[in-house]
Amino acid sequence: MNHSNSIKLTPEDDYVSFMVYLRTNNVWKTVNDVFRMLNETRSDDPIEFFRANVKIDNSDNRTIEEIHLKIAEAEKNLKILRYDKIMLTANLDLLDKTIRVNRKPNLGVRSTIDHAENDNETISETLPHSEHVL
């Protein structure tokens, strides 16, 4: 058979050959794993993330990604807790003010409580709750 008459590969044949090459060398699996991790983390810098995670031996990458996911979850929980703290502090302040407004002065112990004549608020040296909270 004459080599000049050999069959030339079409672009489709070349593509199939390339895909077989990627699969047999685990390139496709590695790239797929990195894309999966990138989808899970949605990194701010996907190109750098891709560069950092495309490695032949990426056994540590899964552990790192699990830690990143745990950190992201902890950050979400921290945000919720900070909001809850603000709301609880505001509610405690409101309750503290309500208690001070509704407190009736003890007429027998008048020297310990100053009560404003035309105001329903007890004058006190105590700080509102929010000033005690860090």
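Computed over heavy atoms, backbone and side chain alike; hydrogens, waters and symmetry mates excluded. Everything numeric here is computed off the predicted structure, so don't read it as measured data.
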Between atom CG of Asp96 and atom CG of Asn91, what is the distance when rounded to the nearest 0.5 Å? 12.5 Å
Take Arg100 and Lys97 through the side-chain contact (heavy atoms from CB on, under 4.5 Å) test and state the conclusion after the steps. CA-CA 5 Å; Arg100 283 191 277 139; Lys97 288 177 185 174; 3.8 Å; yes
Crowded around Leu81 CG? As in, over 12 foreign heavy atoms under 6.0 Å? yes
Determine, stepwise, if the pair Thr10 / Asp13 fulfils side chain to side chain donor-acceptor pair (under 3.5 Å). CA-CA 5 Å; Thr10 65; Asp13 292 333; 3.1 Å; yes
Within this structure, what is the NZ-CG distance for the pair Lys70 and Asn77, rounded to the nearest 0.5 Å? 13.5 Å
Of all heavy-atom pairs between Asn53 and Val34, which one has the smallest distance, and what is that distance? O-CG2, 3.2 Å
Salt-bridge contact Arg36-Glu40 (side-chain N to carboxylate O under 4.0 Å): yes
Please give me the minimum heavy-atom distance between Phe50 and Val31, naming the atom from each residue. CZ-CG1, 4.0 Å
When you measure from the side chain of Thr89 to the backbone of Lys85, do you find a donor-acceptor pair of N or O atoms at a distance under 3.5 Å? yes
Apply the test side-chain contact (heavy atoms from CB on, under 4.5 Å) to residues Thr63 and Ile67: give CA-CA distance (whole Å), side-chain angles for both, the deciding distance (0.1 Å), then the verdict. CA-CA 6 Å; Thr63 303; Ile67 291 170; 4.2 Å; yes
Atom CG of Asp44: over 12 foreign heavy atoms under 6.0 Å: no
Nearest 0.5 angstrom please: Tyr21 OH to Trp28 CH2, how far? 14.0 Å
If I take atom NZ from residue Lys76 and atom NZ from residue Lys79, how far apart are they, to the nearest 0.5 angstrom? 10.0 Å
